[in-house]
Structure formats: structure tokens, C-alpha cells
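Single-structure report; data block below.
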2 protein chains.
Amino acid sequence: MTWHEELTKQGYRISGPRRRIMELLSDTRTPLTPALIHKHLALEGKPLSLASVYRALDLLAELNLLCQVYFSDGTLGYMAHTGGHHHHVLCRRCNRSMEFGGHEDLDELTERVQAETGYVINEHLLQFYGLCPSCAALRQELA
Amino acid sequence: MTWHEELTKQGYRISGPRRRIMELLSDTRTPLTPALIHKHLALEGKPLSLASVYRALDLLAELNLLCQVYFSDGTLGYMAHTGGHHHHVLCRRCNRSMEFGGHEDLDELTERVQAETGYVINEHLLQFYGLCPSCAALRQELA
DNA sequence: GTAATATTGAGAAACTTTCTCAATAAGGAA
DNA sequence: TTCCTTATTGAGAAAGTTTCTCAATATTAC
Ligand SMILES: [Mn+2]
Ligand SMILES: [Mn+2]
Ligand SMILES: [Zn+2]
Ligand SMILES: [Zn+2]
């Protein structure tokens, strides 16, 4: 199901701001913060109200059309959601981010932690940080 | 090594604000945000400048005397660091948080993701969310 | 095309974090 | 203990981020 269809199915309209944000994030390989999104769209010639950026991001993330990703400094960015349960690896240097399938890799650990702590666990946050291939190569050259 | 010793070893002073924040967080079982810490200390009678709260938290986290923990709504809180590599489980209802040993449970997954993505991974962010034992019990009663 | 109304824009307001610099206090030396 | 050096704090301004309000606009159904 496309994001158009998902929005429509849930009774929301396909508005300009929503479309522009989905398109921008689909074309970008790094997570973008609300401020960055606002800036990018302004550079395209037609600025978007910052309030609309926040509103659209909230809705699209709520509907699982976008993912929230934490930079290593803790700020929150957004990426297009390609589908399925997954997590992200981020490059500390250029912020380029890739997905990896989450599958049930944490199932075993989740069981252990539930047993150890007595908590009932129903969600997790997982991200990896490091260097992307090109930044790692660059670092090799300089060494 | 105690946090006193660690601060001293690194050439930092044992100041009132740093001591009060370490003591507060050591006595608290939920992560606290800067604003909450500021409020708690003010209620103790002697308010602390909010700027000092931020400065102390930054330093203490930098020295690994405190851990940063994300609430499920994305806001960042701090807890005393008890030592060793670990992660946290948070209760969505009461925010009570427990540690669990990180050991090398992610090593296998880390290897797989490095192979799949080509990234060189050197850090990870992991947290679990759910219900603590007492909140889960409460929920049972109401059902 | 028209009507109903969901959504946006603009700016105010609230909230969070950082910055500046004079005053204070911690730690080492005498 | 007292004095000296200077790291640290307090207070408030400033910068940055997120939310709110409401009239104007744009989308969708008919
Ligand atoms: Mn997963
Ligand atoms: Mn770990
Ligand atoms: Zn990179
Ligand atoms: Zn609880």
C-alpha cells in the first residue's frame, strides 16, 4: 500500500506539505530534522510553515510512513519508512543511514530481560553507530 | 572507583551542584530530565541554577558517571551509572527503569549488520519498553 | 462547480538549551 | 588555618525548538 493510499484509507487528505515531505525524505539517505526539512523545502523555492512540518511529521510517523532515528548526539531525525520491522545504522561522520532487517533477532534477548527483570516488554529501540563504507575508506587513506 | 575519585582524577572539582545531582540520581529509580532535576533540587530548599544542571549533566555523562536514557516519547533523562556495559528497560506507565547486562549479546547481530551494510560499527543504542511488575499487576486487576 | 471541512500559514507563546560574565567556592600551597 | 589561583556557579539574556491559535486556503465528496 502506497503512502497515498494509507493516508486516504485513514481519512486524511493528500496535502501539499505532506506530499513534499514524503518526496523529500524518499530522496534523502540521511535522517532529517524538522529544521533541516524546513530549510530544504525553503530552498526549493516554496517555503513551508514550520508548524506544518511538525504537524506532518507527527502524523506520518504515527501512521508508520516515516521512521524516527536518533543521531548520535541525541537529536531526532526522520526517514521514509520502506516497510517491515527494521532498525538503522548511522554513520557518525556523514549521517548516511541504512536499514537492516530486525527480524526476531532480539527475541532471545527480550526473553532473557523479561525473566531477569520481571518487566513485560513490548517494544524496543535499537540503532547502531559507526562509519559508512565511504567514510571508512576515507579514514584509511588518511592513516 | 567512586565518582569523587573519578572527578578528581580527571582534574575536576567536587562541587555542590555535582554532588547534589549525583546524590539525587543515585536515590531515584526513574530517569530524570534536566527540568525535573532542577525542580527536585529546588524542593529540597536550595535551588540550583538551571544552567548548572545542564553543565553538570553534560560533564557527568561525558565521564560515564551518568547514563542517558530515552523515554518512549523521545525525551532524554539521566540515571546514575552503576558500572559495566548495560542497557535499560523502562516502564511506560511509571517510568521506573532497570538495568540489564549488555554483555556481548549484540555481538552476533553487530557482525551480521556489518557484513550486510559494510559499515564499521562501534557503538549501539538499545532500550526496551514495557510494563514493570507492579504496573503489570495493577493492569491485571483492572482487567 | 459547490459545499463541507480538514489543513495550512503566520505569528505568538511556551518550552528547552546555550551563552556571558561577574561573583563564588574548591583545592593546593604556605 | 589562611591565602592564592582559577575552576565553577548564578542570573539573566539569548538562541533554539516545539506547540498553539485562528482566519484563510485547499482538498474531497457530491
Ligand atoms: Mn527489532
Ligand atoms: Mn550492549
Ligand atoms: Zn559516512
Ligand atoms: Zn511501572
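The model shown is predicted, which means the values in this text are computed figures rather than measured ones. A, B, ... follow the sequence lines: proteins, then strands. Residue 1 opens every chain.
Counting to the nearest Å, the P atom of dA7(D) and the CD atom of Q10(B) are 15 Å from each other. Taking atom CG of residue L59(A) and atom P of nucleotide dT7(C), one finds them 7 Å apart after rounding to whole Å. Straight-line distance from the CG atom of L48(A) to the P atom of dA10(C): 10 Å, rounded to whole Å. Rounded to an integer number of Å, the gap from CZ of R13(A) to P of dT25(D) is 16 Å. Between the CG atom of L41(A) and the P atom of dT8(C) there is a distance of 13 Å, given to the nearest Å. One can place CG of L57(A) at 14 Å from P of dT17(D), the figure rounded to the nearest angstrom. Remark: P of dT16(C) and CG of D73(B) are 11 Å apart, rounded to the nearest angstrom. Here dG9(C) presents its C1' atom at 11 Å from NZ of K46(A), a figure rounded to the nearest Å.
A donor and an acceptor atom, one from each side chain of Q68(A) and Y78(A), are located under 3.5 Å apart.
In this structure, E99(A) and M79(A) have side chains that are not in contact, with every pair of non-hydrogen atoms separated by 4.5 Å or more.
The 5' end of DNA chain C is approached more closely, in terms of each residue's nearest nucleotide, by Y54(B) than by the other of G16(B) and Y54(B). Mapping A51(B) and A51(A) onto DNA chain C by nearest heavy atom places A51(A) at the nucleotide closer to the 5' end.
Within the 4.0 angstrom heavy-atom criterion, no nucleotide atom of any strand lies near A35(B). Within the nucleic acid shown, L50(A) comes within 4.0 Å of at least one base atom, counting heavy atoms only.
Here R18(B) reaches the OP1 or OP2 of dT8(D): one of its side-chain N or O atoms lies under 4.0 Å away. Taking side-chain N and O atoms only, S15(A) has a distance below 4.0 Å to OP1 or OP2 of dT8(C).
Aromatic pair H87(A)/H124(B): ring centres not closer than 6.0 Å. No close placement of the Y119(A) and F128(B) rings is indicated, their centers lying 6.0 Å or farther apart.
Checked for salt-bridge contact, E116(B) and R112(B) meet the test: a charged N lies under 4.0 Å from a carboxylate O.
A side-chain donor-acceptor contact under 3.5 Å links H38(B) to the backbone of L48(B).
Comparing atom distances between the I14(B) side chain and each of dT17(C), dG27(C), dT18(D) picks out dG27(C) as nearest.
Side-chain N/O atoms of R55(A) and base N/O atoms of dG9(C) include a donor-acceptor pair closer than 3.5 Å.
Residue-environment remark: CD (E44(A)) exceeds the threshold of 12 foreign heavy atoms within 6.0 Å.
Between its two ends, the helix from dG1(C)-dC30(D) to dA30(C)-dT1(D) turns its axis by 50°, counting five pairs per end and rounding to 10 degrees.
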